[in-house]
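Both ligands and their constituent atoms are indexed starting at 1 by order of listing.
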Amino acid sequence: MTYFQYQNKELYAEQVPLQTLAEQFGTPCYVYSKAALTDAYQTFSKAFKETAHQICYAVKANSNIAVLQLLAQLGAGFDVVSEGELKRVLKAGGDPTKVVFSGIGKTESEINFGLSSHVGCFNIESEAELIRIAHIATTRQHIAPISFRVNPDVNPKTHPYIATGLKENKFGIPITQAIDLYKQAHQHPYLHIKGIACHIGSQLLELKPIEAAISHLLELHDQLNTLNIPIDHIDVGGGLGVRYRDEHPPSIEAYVETLISLLKQRQLCICLEPGRAIAANAGLLLTRADYLKPTSDKNFLIIDAAMNDLIRPSLYQAWQPILPCKEPQTQASQEWDIVGPVCETGDFLGKARSLNVKQGDLLAIMSAGAYGFTMSSNYNSRNRAAEVMVDQDKTYLIRARESFDDQIRLETLLPEQAII
Ligand SMILES: *Cc1c(COP(=O)(O)O)cnc(C)c1O
């Protein structure tokens, strides 16, 4: 089932032509398919069959509250990395007891808020954080549910900026130190050990590194068993890759089957934190071609979306498909570098793309549902894009386009006496 497809040479989101969305909501505009999000989530949950599991959707991939609301309705838990993300989950009706609170720099206020909200688990990433959480829990006389996120030192074979489970990365606790911290936590009256966690990276295209990480977690579990330190769950993190171009990521089913086969005998709840694999291919960025700028060296196609709207190409050299919203009558004769209006040479959305395009045409930058809007900014004082959810033939504006007033709402001019 595809959620974005051509019908009579026009590109649709579910049953709505993108042309209609552009007329109604303007461009640039993020467009999400409710069916695509639903199907991706349910593919994960169905693959587990009877095996005890908890899917904690990684909020940072796409944190629009309507997206979170949909996933909460489907039964998802959530992986959050800040107080803001936790507040979004609560606003969206998510169950706090199904929340894992990750992140290497949780502030005192975030820990307090997490405790007050009754999150299911804090994934601790350092000894210093353990001390802080233990102190806060003791002061409040409120038992904190915790796991340690260990760093298994495996190479996830992904872009270096999204590799997180190598010993030189800032994430997790070296697995050799973990046992010591488990002993400390086990003795503490206000800490309750829930499990072991890891997250080795994002856009993983092979199962081998995940299997290697899990085997390290299982060794740790064996050690905990010898020490009579019980746990309830193993959290394998997120990271399952998606197809942007010609990648062959493992299917969700194959991934889940691997988790089950490695973990089932342990009688532990299997937690996972997928973000990209749920959201990436459930969204696109709708944009308009504003100028054609052929030069003797290169042809530039200047669109109304830019790196501030979608930074993946600039930041990770990521490749995402760029499709015309109306299929042209004739084949492309030219290659274009598709660039935004931002004053940076790194502001491109795609390079050397064959497109038959004219000024004013609509284009869809595909696979933009994850790490798209959430990484957007106001750079160059551009208003951030609108977000729309499509459900069959219905459309819902789930985030209005920003206005200039939104941008400067928190800014103040200096008082008169300060500028003479
Ligand atoms: C980013 C992140 C995820 C999600 O990663 P995806 O590649 O989007 O699945 C899960 N867990 C943690 C701790 C993360 O930081």
Side-chain angles (χ1 to χ4, degrees), residues 37 40-41 43-44 54-63 67-68 71 76-82 84-86 89 98-106 110 114 119-126 129 146-152 154 156-166 169-173 194-207 209-210 213-214 217 233-244 247 249-252 255-256 259 270-283 311-312 315-316 318 367-375:
L37 288 163
Y41 176 81
T43 304
F44 272 102
Q54 171 100 257
I55 301 164
C56 295
Y57 166 71
V59 171
K60 74 175 188 284
N62 184 326
S63 48
V67 171
L68 303 183
L71 294 169
F78 297 92
D79 168 59
V80 303
V81 294
S82 71
E85 286 192 350
L86 177 51
V89 167
K98 293 191 204 166
V99 167
V100 294
F101 200 145
S102 303
I104 60 168
K106 300 177 197 76
E110 288 180 318
V119 297
C121 192
F122 290 93
N123 285 354
I124 296 181
E125 302 216 21
S126 64
E129 185 189 340
I146 61 148
S147 290
F148 291 98
R149 172 174 173 184
V150 299
N151 183 325
V154 298
K157 305 204 184 120
T158 187
H159 190 281
Y161 288 4
I162 50 176
T164 55
L166 282 163
N169 300 142
K170 68 181 179 179
F171 299 98
I173 292 164
K194 301 284 290 184
I196 308 174
C198 78
H199 170 70
I200 61 170
S202 198
Q203 184 57 5
L204 310 178
L205 297 172
E206 293 173 29
L207 292 172
I210 299 167
I214 290 174
L217 300 191
H233 73 232
I234 288 215
D235 178 347
V236 299
L240 179 62
V242 301
R243 181 171 213 164
Y244 287 104
E247 303 90 338
S251 68
I252 292 172
Y255 170 75
V256 170
L259 301 183
I270 303 174
C271 288
L272 61 166
E273 305 167 352
R276 191 188 307 271
I278 287 177
N281 283 323
I311 204 174
R312 297 188 63 260
L315 185 62
Y316 310 124
S367 304
Y371 306 105
F373 185 88
T374 50
M375 296 181 91

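Counting only heavy atoms of the protein, atom 15 (O) of ligand 1 lies nearest to Lys60 NZ, 2.7 Å. Of all protein heavy atoms, the one closest to atom 8 (O) of ligand 1 is Tyr371 OH, 2.5 Å. Summary of contacts: the protein heavy atom closest to atom 7 (O) of ligand 1 is Ser202 OG, 2.3 Å. In terms of protein heavy-atom proximity, atom 10 (C) of ligand 1 is closest to Glu273 O, 3.2 Å.
At under 3.5 Å, not a single nitrogen or oxygen of Pro274, backbone or side chain, sits near a nitrogen or oxygen of ligand 1. In terms of polar-atom proximity, defined here as any N/O pair under 3.5 Å, Val81 makes no such contact with ligand 1. The N/O atoms of Arg276, backbone and side chain alike, include one that comes under 3.5 Å of an N/O atom in ligand 1.
Of the residues Asn62, Ile162, Asn281, the one that meets the side chain to side chain contact (heavy atoms under 4.5 Å, CB included) test with Arg276 is Ile162.
For the ligand labelled ligand 1, residue Ala277 lies outside the 4.0 Å heavy-atom shell.
Atom CG of Leu37 is separated from atom CG of Leu68 by 10.0 Å, given to the nearest 0.5 angstrom. For the atom pair OH (Tyr316) and CD1 (Ile311), the distance works out to 8.0 Å, reported to the nearest 0.5 Å.
No hydrogens or angles considered: a donor-acceptor pair under 3.5 Å links the side chains of Asp79 and Ser102.
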Exercise. Can Ser126 and Ile104 be said to form a side-chain contact (heavy atoms from CB on, under 4.5 Å), step by step?
Worked result: CA-CA 7 Å; Ser126 64; Ile104 60 168; over 6 Å; no
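Here Ala58 has side-chain heavy atoms under 4.0 Å from ligand 1, and that is the only part of it that gets that close.
Remark: ligand 1 atoms within the under-4.0 Å shell around heavy atoms of Arg149 are 13 (C).
One finds no salt bridge joining Glu85 and Lys60 here, because no Lys/Arg side-chain nitrogen approaches an Asp/Glu carboxylate oxygen to under 4.0 Å.
Using a 30° and 60° split on the angle between ring planes, Phe122 and Phe101 fall in the parallel class, below 30°.
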